[in-house]
Amino acid sequence: KSSLGKRLIDKLEPSNNIKVVQRMLDETSEGRRLIDASYIIPIEGIYDISSFLEKLDKGGVLEPSELTKVNDFLRGCRKIKSFIKDKEGYAPTLSLYGENLTELQYIEEEINISINGSIVDSNASKELKRIRKQINLCEDKIKEKLDKFIKNPSNKQYLQEAFISKRNGRYTVPIKASYKNVVEGIIIETSPKGSTIFVEPLSISRYTAELNGLIGDESIEEYKILSN
């Protein structure tokens with residue numbers, strides 16, 4: 001079963017054209033013969049990708065998860081074409097349809113190189129790989145600075161707990177609300193009870209700005225890859 005098949009079945013209507021009726025009966029009989037012969041038709045990955053094609057027609061750019069589904073669809077079509085190729089004896093009409101399926105393996109390969117699940121793969125371009133390496137280095141610097149802040153004995157009294165917490169995409173430390181005017185930094189979030197504030201210390205502000213710039217560069221490069 002496939003979502004595309006279900007949609008096509010829902011759109012089926014009776015016909016008074018004898019040729020159309022005969023063709024449809026032939027298709028059904030051939031499919032039945034293949035099943036009776038214990039063949040398993042490989043329909044895995046045959047999704048309805050019409051919404052993705054419409055998005056492209058309107059000048060849109062597909063998300064990585066959408067490209068993954070397109071890739072699955074293309075691979076599924078290729079498998080069906082390969083499967084039906086030597087089944088002319090069982091299914092001459094369906095075999096003919098298989099011959100008309102166009103293999104787009106080069107597109108599959110491009111997607112495989114550029115997309116990893118629901119994200120753009122770092123190996124999609126040298127620039128993206130460089131940017132992500134810089135992001136990792138910048139995040140390591142931030143964590144190192146925050147680790148020093150937490151381990152500094154003079155800061156112990158301010159800390160609600162000794163851990164680094166990521167809030168709204170920013171690296172913070174949990175500070176007792178009573179010290180919110182003592183610890184220099186930006187309040188990113190407050191706990192539901194108001195007893196804890198999550199502060200981005202001033203000591204990491206330079207690295208946070210650098211990180212935000214790199215994340216912006218990453219988004220631009222990902223868009224370039226997806227749009228190509």
Side-chain angles (χ1 to χ4, degrees), residues 1-8 34 39-88 91 94-144 164 166-171 207-228:
K1 294 179 181 181
S2 71
S3 60
L4 180 57
K6 288 176 183 176
R7 187 170 67 84
L8 292 173
L34 288 171
Y39 285 113
I40 299 173
I41 303 171
I43 60 170
E44 185 181 358
I46 303 300
Y47 305 106
D48 182 359
I49 62 167
S50 57
S51 60
F52 304 151
L53 299 179
E54 287 171 11
K55 187 175 180 180
L56 290 172
D57 283 341
K58 292 175 182 177
V61 174
L62 297 185
E63 296 294 326
S65 59
E66 293 172 331
L67 282 169
T68 297
K69 284 198 170 184
V70 170
N71 193 38
D72 290 341
F73 177 82
L74 293 176
R75 184 170 61 251
C77 290
R78 181 164 50 82
K79 285 183 176 180
I80 287 176
K81 183 180 177 74
S82 176
F83 166 81
I84 206 72
K85 189 176 181 180
D86 60 350
K87 306 296 186 303
E88 191 174 348
L94 297 181
S95 292
L96 187 62
Y97 294 160
E99 287 177 18
N100 292 327
L101 287 175
T102 302
E103 291 189 46
L104 299 171
Q105 200 162 354
Y106 71 96
I107 295 179
E108 288 182 57
E109 290 169 358
E110 283 292 324
I111 294 174
N112 285 331
I113 291 169
S114 303
I115 306 298
N116 184 2
S118 61
I119 63 169
V120 179
D121 195 281
S122 295
N123 292 316
S125 76
K126 289 181 180 179
E127 180 62 9
L128 184 61
K129 193 170 189 177
R130 183 195 69 78
I131 291 169
R132 287 186 175 167
K133 184 177 180 181
Q134 290 301 115
I135 286 174
N136 289 334
L137 289 172
C138 191
E139 286 183 324
D140 286 344
K141 288 176 186 175
I142 289 171
K143 290 172 186 176
E144 184 182 339
I164 299 168
K166 201 170 185 180
R167 303 276 166 160
N168 298 320
R170 310 278 284 262
Y171 287 95
Y207 297 110
T208 298
E210 182 185 344
L211 179 61
N212 290 336
L214 287 167
I215 290 172
D217 292 342
E218 179 188 32
S219 296
I220 291 169
E221 183 61 20
E222 284 177 346
Y223 183 85
K224 286 180 182 177
I225 293 164
L226 292 172
S227 61
N228 287 333

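Qualifying side-chain contact (heavy atoms from CB on, under 4.5 Å) partners for E63, counting only residues two or more places apart in sequence or in other chains: K55, S65, E66. Looking at residues two or more places apart in sequence or on another chain, you find a side-chain hydrogen bond (donor to acceptor under 3.5 Å, both in side chains) between E221 and S125.
Pairing each heavy atom of A124 with each of I225, the nearest pair is CB-CD1, 3.7 Å. For the pair P64 and I115, the tightest heavy-atom approach, listed with the atom from each and the gap, is O-CG2, 3.6 Å. Taking each heavy atom of I164 and Y171 in turn, the nearest pair found is CG2-CD2, 4.0 Å. The shortest heavy-atom contact between L214 and C138 is CD1-CB, 4.2 Å.
In this structure, the side chain of S114 does not engage the main chain of I111 through any donor-acceptor pair within 3.5 Å. With S95 contributing its side chain and I84 its backbone, the two residues share a donor-acceptor pair below 3.5 Å.
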Please lay out, stage by stage, how I113 and N123 fare under the test side chain to side chain contact (heavy atoms under 4.5 Å, CB included). CA-CA 7 Å; I113 291 169; N123 292 316; 5.7 Å; no
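We find the CD-CD1 distance between E54 and I49 to be 11.0 Å, quoted to the nearest 0.5 Å. Here E218 contributes atom CD and I215 contributes atom CD1; the two are 7.0 Å apart, rounded to the nearest 0.5 Å. Interatomic distance, L34 CG to Y39 OH, rounded to the nearest 0.5 Å: 7.5 Å. Interatomic distance, L128 CG to S219 OG, rounded to the nearest 0.5 Å: 10.0 Å. A distance of 11.0 Å separates CG in N71 from CG in L104, rounded to the nearest 0.5 Å. Put simply, CD on E109 and CD on Q105 are 5.5 Å apart, with the number rounded to the nearest 0.5 Å.
Two residues are said to be in side-chain contact when any heavy atoms from C-beta on lie closer than 4.5 Å; V120 and R132 meet this criterion. Side-chain contact check for Q134 versus L137: some heavy-atom pair is nearer than 4.5 Å. I135 places a side-chain heavy atom less than 4.5 Å from the side chain of L211.
Summarising the local packing, OH of Y97 is surrounded by more than 12 heavy atoms from other residues, nucleotides or ligands at distances under 6.0 Å. By the 6.0 Å contact criterion, CD on E103 is enclosed, its count of non-hydrogen atoms from other residues, nucleotides or ligands being greater than 12. The 12-atom threshold is exceeded at CD of E127, counting heavy atoms of other residues, nucleotides or ligands nearer than 6.0 Å.
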Side-chain donor-acceptor pairs of residues 75-83 under 3.5 Å, sequence neighbours excluded:
{"from": "R75", "atom 1": "NH2", "to": "D72", "atom 2": "OD1", "distance (Å)": "2.6"}
{"from": "R78", "atom 1": "NE", "to": "E108", "atom 2": "OE2", "distance (Å)": "2.9"}
{"from": "R78", "atom 1": "NH2", "to": "E108", "atom 2": "OE1", "distance (Å)": "2.8"}
{"from": "K81", "atom 1": "NZ", "to": "G98", "atom 2": "O", "distance (Å)": "3.1"}
{"from": "K81", "atom 1": "NZ", "to": "E99", "atom 2": "O", "distance (Å)": "3.1"}
{"from": "K81", "atom 1": "NZ", "to": "L101", "atom 2": "O", "distance (Å)": "2.9"}

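Between E144 and K141 there is no salt bridge, since no side-chain N of the basic residue sits under 4.0 Å from a carboxylate O of the acidic one.
With a 6.0 Å cutoff to the six-membered ring centre and a 45° limit on the axis angle, K69 does not count as a cation-pi contact of F52.
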